[in-house]
Amino acid sequence: LGWGKPWRTLALWLPMLTLTITWTLAETPTLLLVAAFYAWMAKQIRNVRLSYLSILLFDLALLDYLDARGWLTTLILSIIVGLSVLYVAEVDPYFQSSSQKEQRHWLRILASGLVGVTALYQTESSQPLLLFAAIACAIGIAFVFAGLILKVRAFLYVGTATFILQVVRVLWLFINDNSLILWAVGIVLG
């Protein structure tokens, strides 16, 4: 009777141990299979924190897939990390109590702020500027709507700040580059 628990523990951690040993040989389907196993086990034994392994392995599989296609950018990386941190803030039992409400708020601001700041950075470092500025504005608007729909202040704050900063930056660059045209339009309209 006493041997049941160690065998169950070994069965629970054996896929992760195998994956750790064969890390350099692991392919995307293997990562997804082990991630699905840990998601299923988290549901079966009702241990939410076990699902973090599932999220980590899914993120690694997604990063591997995107990198193989050449689609991995800093913005996509920050979105993946930000969504994972938001998942932790939403489901972790530590953040569910009312006494941890402020910590959950700051974790949400940190995760969504990472995405917003990275979107602003990506706009500055990539060409064409207007395409990436539109993406940053779309991310800001998406956060604003998510904040309004889900009633989460952190998303609302970060979305508003991202949108306003991006619009002001594009206007500043336009005024800087086309000041003569603006003077001419002002004189004609005046």
Side-chain angles (χ1 to χ4, degrees), residues 1-119 138-139 141-159:
L1 286 175
W3 286 93
K5 181 132 173 87
W7 286 110
R8 280 186 290 217
T9 305
L10 179 65
L12 180 64
W13 293 107
L14 192 59
M16 195 62 179
L17 180 67
T18 306
L19 189 64
T20 305
I21 292 171
T22 62
W23 181 252
T24 57
L25 303 173
E27 296 289 329
T28 303
T30 306
L31 293 173
L32 290 175
L33 186 65
V34 176
F37 170 75
Y38 281 112
W40 178 71
M41 285 304 294
K43 185 172 173 65
Q44 291 299 315
I45 64 174
R46 293 184 181 97
N47 186 355
V48 172
R49 291 184 176 153
L50 191 60
S51 70
Y52 299 162
L53 283 175
S54 177
I55 294 296
L56 176 69
L57 292 171
F58 177 75
D59 288 350
L60 290 174
L62 187 60
L63 290 173
D64 184 45
Y65 176 78
L66 293 173
D67 189 40
R69 304 286 180 285
W71 298 340
L72 190 61
T73 63
T74 54
L75 180 60
I76 291 175
L77 179 64
S78 74
I79 288 172
I80 291 170
V81 170
L83 287 175
S84 298
V85 172
L86 286 173
Y87 173 78
V88 170
E90 191 62 35
V91 301
D92 194 279
Y94 175 76
F95 294 114
Q96 298 306 313
S97 68
S98 60
S99 63
Q100 303 304 324
K101 191 174 182 180
E102 187 174 338
Q103 284 84 358
R104 185 174 62 209
H105 172 72
W106 284 108
L107 191 60
R108 285 175 175 164
I109 284 185
L110 178 72
S112 57
L114 173 70
V115 175
V117 168
T118 306
I139 287 172
I141 291 171
F143 272 129
V144 167
F145 280 126
L148 290 174
I149 292 168
L150 300 173
K151 298 177 183 172
V152 175
R153 293 177 297 141
F155 298 157
L156 196 59
Y157 296 160
V158 170

One should read off an interatomic distance between Phe155 CZ and His105 NE2, to the nearest 0.5 angstrom, of 11.0 Å
Between the CD1 atom in Ile80 and the CG atom in Leu62, the distance rounded to the nearest 0.5 Å is 4.0 Å
Rounding to 0.5 Å, atoms CG (Leu83) and OG (Ser78) come to a distance of 9.0 Å
Of all heavy-atom pairs linking Ile139 and Ala119, the shortest is CD1-CB, 4.0 Å
One should read off an interatomic distance between Ser112 OG and Leu156 CG, to the nearest 0.5 angstrom, of 10.5 Å
Residues 39-49 vs side-chain hydrogen bond (donor to acceptor under 3.5 Å, both in side chains), sequence neighbours excluded, gives Arg49-Asp92
Between Ala111 and Gly82, the two heavy atoms sitting closest are CB-O, 3.6 Å
Report yes if some heavy atom in the side chain of Val88 is under 4.5 Å from a heavy atom in the side chain of Tyr94; otherwise report no. no
- Does any non-hydrogen side-chain atom of Arg108 lie less than 4.5 Å from one of Phe95? no
*asked:* Can you confirm whether Tyr87 sits close enough to Tyr52 that some side-chain heavy atom of one is under 4.5 Å from a side-chain heavy atom of the other?
replied: yes
The reported gap from CZ in Phe58 to CG in Leu31 (rounded to nearest 0.5 angstrom) is 11.0 Å
Result for side chain to side chain contact (heavy atoms under 4.5 Å, CB included) between Leu114 and one of Val158, Val85, Ile109, Val81 points to Val81
Nearest heavy-atom contact between Ser54 and Ala35 is OG-O, 2.8 Å
Scan the side chains in residues 11-27 for donor-acceptor partners under 3.5 Å anywhere in the protein, sequence neighbours excluded, and list what turns up.
from  : atom 1 : to    : atom 2 : distance (Å)
Thr18 : OG1    : Leu14 : O      : 2.8
Thr20 : OG1    : Met16 : O      : 2.7
Thr22 : OG1    : Thr18 : O      : 2.8

Shortest non-hydrogen pair, Gln96 vs Ala89, comes out as NE2-O, 4.0 Å
Residues pairing under side-chain hydrogen bond (donor to acceptor under 3.5 Å, both in side chains) where one sits in residues 64-74, two or more places apart or in two chains, turn out to be Thr28-Asp64, Thr74-Gln122
Please tell me if the side chains of Tyr38 and Leu56 come closer than 4.5 Å, counting only heavy atoms from C-beta onward.
no
CD (Glu90) and CG (Leu107) are apart, to the nearest 0.5 Å, by 10.5 Å
